[in-house]
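All values below were derived from every heavy atom in this structure, side-chain atoms included, with hydrogens, water molecules and symmetry-related copies excluded.
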Amino acid sequence: MHSKTSGLSRQDAKQRLSEFGANSLKQKHKSSAWMLLLNQFKSPIILILIFAAVLSIFLKDPADAIIILTIVFISGLLGFWQERGASNAVEKLLALVQVKATVLRDGQSQEIPTEEIVRGDIVLLSAGKNIPGDCLVLESKDLSVDEAALTGETYPVDKLSGVLPAETGLAQRTNSLYMGTNVISGTAKAVVVHTGKETEFGKVSERLKLRPSETEFERGLGKFGYFLMEVTLILVVLIFVANVYLHRPVLESFLFSLALAVGLTPQLLPAIVSVNLARGAKKMAKKQVIVKRLPAIENFGSMNVFCTDKTGTLTEGEVKIHAAVDVEGKESDRVLLYAYLNAASESGYVNPIDAAIREHKTFDISGYQKLDEVPYDFNRKRLSILFKKSENAVFSQGETLKAIAPALATEERLVSPQVEQFSKTENTHLIITKGALKNILDVCSNVETVEGKTIDIVNQQQKLHQQAEDLGSRGFRTLGVAYRDFNQDSFSKDDETNMTFLGYLALFDPPKAGIANTLKELELLGITPKMITGDSKAVAMSIIQQVGLPQPKALTGSELEKLSDEALMHRVQQTNVFAEVEPNQKERIIIALKKAGNVVGYLGDGINDASALHAADVGISVESAVDVAKEAADIVLMEKDLNVLVEGVKEGRVTFANTLKYVFMATSANFGNMFSMAGISLFLPFLPLLPSQILLTNLLTDFPELTIATDRVDRELVNKPRRMDIKFIRNFMIVFGLLSSIFDYLTFGALLLLLHAQPEQFRTGWFLESVISASLVVLVVRTRQSIFNSKPGKYLLMATLATIGVTIIMPWTPLASLFGFQPLPLSFVLVLGAIVVFYVTAAENVKRVFYSHVKF
C-alpha cells in the first residue's frame, strides 16, 4: 500500500484519487452540457422524425423539413434548460448531507467525503461509522461489525488485527473489514486495501439490488407512459396506412404520422417530473429538510403512517438524572458515584445519558485508574469498565479510604456498612457495569442491600422489577448499575458475570414544548404517528399520554415476538406504541405496516435503525445521526424536530400535486386534439395540419406546462396523503379527452360546413382553436375548484397568456407564410372565439360533475 502509520500525505492521496478514481460503486461522471442536450433527442420517435425530415430535404422542398428540425431543436432546448437547472440544484443539496470518513493525512486526523478515500488511507473507526472501503485491521478495541449486507450473517462479527491464510473464507476473515458494512461497537485503526468496484461489495454489485426500489409514483408513471405509448403506436400505424391507402404522398403521410406521435407522447413528462422534484427539494431545503433521493418526495407526500423514536423527537432529547437510588428506592451517593465512574471513563459510543450523568454531579475520581473497557453495544446493552482502586479512592459521601483508615483501625468511629465492606476486600480491581435494567440483572448473581450485605438475587427478582416499574409509571427511564471485584488488569465480555446489583439510575426526558400540537397537526394531515422505543412500556405510555395521543395501545417486544407475520399485520394498525422493542424488531414492524397497505415513514438516527430505514417507504434521519443511519435515509432533517417534518410533508404534497397536474393536462386537451386530428384526417381530402404545424402546436401547448412547478396548490390537496392512481387518470383522460374531441369536431364542422374554409383557412382556424383551448383548459384542470376560486401561479398565468398572444398574432406575422397560415376573416375569429368560450365553460362544469362522482 506504500502507506505509513501516520497516513498518506495530502499530495499522495490526491495523486491516487486521480489515478484510481472516486471511491464509489457507481462512478459518477458528471454529464457535460452537450451530453445533457443530446439526451433530449434520444427518444426513438424524435430520432425517426429527424431522420425523415433530413430525408425530405433531399427529396422535396426543404422548407418544411427545416421548420420541423427547428421546432424539434427548440423543444429540446427547453427540456435541457429545465433538467440542467434541476441537476445543479440537486448536487448542491446533496453536498449538505455528505457522509464522511475520518482518516489520517500527514499524521493528522481529518474528515473527508467517503468518495475521496484511496488505497493506503489509514481510517479511524468508531461505533456508527460506515466502513469506507475494504480494509485490514491494524489496531482494534472490542470492535464489532455488522456484515449482514455482505455475508447475510445476522449477528455482529468481532474483528481483530492479525494474519490469516489467503484461502480463509469471506465470513471468517476476522482481520478484514468490508465496504458496505458498519461498526456496531468498539474502535479501530485500519488501512484501506481496496476501494470502489475493486471491493468485495463492488464485485457482487451487479447481483445485488444496489438501486433503490421504485417508488409507487415511479411505477405509476411508468405504467401510464407505456399505456400512452401503446395507444400512440397503434394510432400512428393506422393513420399512416389509411393515408397511404387514400393515395396521399407517402413521405408527407409518414411525417404527419410521426408529428402526431410527438403530439400524443408526453415527451416532457421526465423533464417536468425532474423539475418539480428539484424545485420541491429546494423549497424543502429552505425548511431544513434535505432530500437525498428525489423520488422519495412523492412517498413523503403520500405517507400516512409515521414511526419515530422517543428521545429527541417527542421529548426534548436532553436526558436529565432524576435520582440514583438503591434497591429500596432511597437516594444513594454510591450508586451515583459508580455511574459517574462508568460514564466519565467511557470512550466508545457517545450518548446523551453518559453526558447527563457527568453533568448531574462531579466526583473526585483521581483514586481510580481505568485499565480496560468493553464498550456499549446494542446486543448486550451494557457498558463495562475495569478500574484499579488506590487508597485515595472516593467511595461514600466524598470520603476516601486513606481518610478513614485510622478510624477503621482503632474502631473509634461508627463505620458505615459500605466502608466496612470495602475495607475488608483484598481486591483493588473493580468492574463497574451500567446499562438497560434487564441486561444488567441478567449478569448479576447478587444484590447489595441497604446494610451493605450481598445476598442472592434469586429471591429478589420480583422486588427489583417492581421498584423499576414504580419508577417507570412516574415517567422515569431506569438503568441498572452493578459491580464486581476482579483480580486481573484486563477483561472481556465473558467476564460480565457473577456481578452484584447496586441500584438504579432514574432518568427523565420531558416532552417537547408544543409537541402535542405538532402531533395533532400530523393527524390533521392524515398521518398516524406511532412510537417505537426500546424503553419500558410504563415509560412509553407515560410519555405518549403526556403528548396527548388519545387511548394509546401498546405492544411490547416480547409480545411481538410471539405473533405471526399475519397476526402482526393486523395488530400494527391498532397499535401506536411499540415498547421494549429490540433493534431487529423495528424492521419487522415497518414491513408489517407496509403489508397492511400503508405508506410508511420512519425516523431514526442510531446504529440500529439502518434496516428499518431501508425497509420504510421513506427513510428519514437527522444531520447529527451516525453515518450508517444518514447513509440509509432518503431524507435528512437538519433539525430533529417534528415541526420541520410537518413542513417537509406539506412541500412533498405540493410537489406531488403539481407533478400530477402535467399528467392531467397531457391526458385532456392535448391528447384529445391529436386524437381528433388523427380521426378527421381520414375524411378530409387534405391533411388537417401539416407536420410542421402539428409540432408548432405541440411546442406552444407545452410552454405553459413548463411552469407548472411554480403553480399554487389547493389546500385540500395538501391536507391528506394521496397516491398515484392509474385508474383515476384513465377515467380523467377518457372524460376530458372525449370532451376535447367533441369540441374539436364542432370546430371542424363550423370551419367546413358553416364557414366553408379552404385548406389553409381550415389549418389556421384549427391551429388557433386547438392551441388557445388547450392553453386555457390548463387553468381549468389544474384545480378541482372553480377557476375563479383557485388562482393559478403567477408564472403559469403569464406563460398561458403569452402562448395565447403568440398564437393569435401568428397568422398576421411574416412567419404565417413560412408555416402555411393566413389571416382569417372576422367571422372566422368570432365563431372560433365562441367555441373556445363554450369549451372552457363546459370543461368547468364537467369538472364539477366529475369530481362529485370520482374520488381522488
Side-chain angles (χ1 to χ4, degrees), residues 284 287-289 300-301 303-320 322 352 356 471-478 506-556 572-581 586 589-590 593 598-606 609 616 618 620-622 624 635 637-653 715-716 718-721:
M284 289 167 74
K287 297 182 177 179
Q288 303 297 299
V289 180
F300 204 35
M303 180 175 70
N304 68 307
V305 171
F306 172 63
C307 299
T308 179
D309 59 359
K310 173 179 67 68
T311 305
T313 308
L314 302 180
T315 63
E316 290 290 350
E318 295 182 4
V319 181
K320 302 291 183 184
H322 169 68
L471 290 168
S473 64
R474 289 152 55 195
F476 299 119
R477 178 182 177 184
T478 55
L507 316 173
F508 72 98
D509 182 11
K512 279 188 175 179
I515 190 65
N517 292 331
T518 304
L519 291 176
K520 285 179 183 176
E521 191 168 357
L522 276 175
E523 290 182 321
L524 289 174
L525 289 170
I527 299 172
T528 303
K530 296 179 185 288
M531 184 171 78
I532 303 177
T533 179
D535 281 351
S536 71
K537 180 179 177 180
V539 173
M541 294 295 282
S542 173
I543 291 294
I544 214 72
Q545 288 167 350
Q546 290 180 60
V547 299
L549 282 186
Q551 299 179 335
K553 294 182 180 179
L555 184 69
T556 64
V572 292
Q573 292 286 72
Q574 289 81 39
T575 305
N576 51 14
V577 178
F578 299 89
E580 301 169 24
V581 170
K586 295 181 180 182
I589 294 168
I590 300 299
L593 284 165
N598 300 292
V599 178
V600 185
Y602 178 77
L603 173 61
D605 62 355
D609 289 317
V618 51
I620 308 163
S621 193
V622 292
S624 58
I635 289 172
L637 308 181
M638 301 307 283
E639 298 176 17
K640 195 172 184 180
D641 186 348
L642 287 193
N643 287 313
V644 171
L645 183 83
V646 168
E647 293 303 316
V649 167
K650 291 178 181 178
E651 286 299 336
R653 291 183 182 176
R715 185 181 297 274
E716 62 262 27
V718 178
N719 283 347
K720 73 175 197 176

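Across all their heavy atoms, R653 and G301 have their closest contact at NE-O, 2.9 Å. Across every non-hydrogen atom of G601 and A616, the tightest pair is C-CB, 4.5 Å. Heavy atoms only, all atoms of each residue included: A506 and L471 are closest at CB-CD2, 4.2 Å. Heavy-atom minimum distance, R474 versus S542: C-OG, 4.4 Å. Residues A579 and A540 approach most closely at CB-CB, 4.0 Å, considering heavy atoms.
Side-chain contact between I527 and N304 is absent, with no heavy atoms from C-beta onward closer than 4.5 Å. Taking 4.5 Å as the limit, every side-chain heavy atom of F306 sits out of range of all side-chain heavy atoms of T528. Between M303 and N598 the shortest side-chain heavy-atom distance does not fall below 4.5 Å. The closest side-chain heavy-atom distance from L603 to V622 is below 4.5 Å. Residues E580 and S536 form a side-chain contact, since some pair of their non-hydrogen atoms from C-beta on lies under 4.5 Å apart. Side chains of E647 and V289 form no contact here, defined as non-hydrogen atoms less than 4.5 Å apart. In this structure, Y602 and I620 have side chains that are not in contact, with every pair of non-hydrogen atoms separated by 4.5 Å or more. In this structure, V618 and I635 have side chains that are in contact, with non-hydrogen atoms separated by less than 4.5 Å.
In this pair, H322 and F508 present their aromatic rings perpendicular. The plane angle is above 60°, beyond the 30 to 60° band.
Atom CG of L555 is separated from atom NZ of K530 by 10.5 Å, given to the nearest 0.5 angstrom. Rounded to the nearest 0.5 Å, atoms CD (Q573) and NZ (K553) are 12.0 Å apart. With values rounded to the nearest 0.5 angstrom, L645 atom CG is found 10.0 Å from T518 atom OG1. Considering CG of L519 and CD1 of I515, their distance stands at 4.5 Å, rounded to 0.5 Å. Between the CG atom in L642 and the CG atom in N517 there is a gap of 12.5 Å [rounded to 0.5 Å]. F578 contributes atom CZ, which lies 12.5 Å from atom NZ of K586 (distance to the nearest 0.5 angstrom).
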Candidate pair L507 and F476, rule side chain to side chain contact (heavy atoms under 4.5 Å, CB included), full reasoning: CA-CA 5 Å; L507 316 173; F476 299 119; over 6 Å; no

Steps toward side chain to side chain contact (heavy atoms under 4.5 Å, CB included) verdict (V539, T478): CA-CA 9 Å; V539 173; T478 55; over 6 Å; no

Stepwise side chain to side chain contact (heavy atoms under 4.5 Å, CB included) check, T308 with I532: CA-CA 6 Å; T308 179; I532 303 177; over 6 Å; no

Give the intermediate values and the outcome of side chain to side chain contact (heavy atoms under 4.5 Å, CB included) for residues V600 and C307. CA-CA 7 Å; V600 185; C307 299; 4.2 Å; yes

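Under the 3.5 Å distance criterion, with hydrogens and angles disregarded, no donor-acceptor pair is assigned to the side chains of N643 and E521.
E716 meets the salt bridge (charged side-chain N to carboxylate O under 4.0 Å, His left out) test with no other residue; sequence neighbours excluded.
Checked by atom type and distance alone, the side chain of N719 never pairs as donor or acceptor with a backbone atom of L525 at under 3.5 Å.
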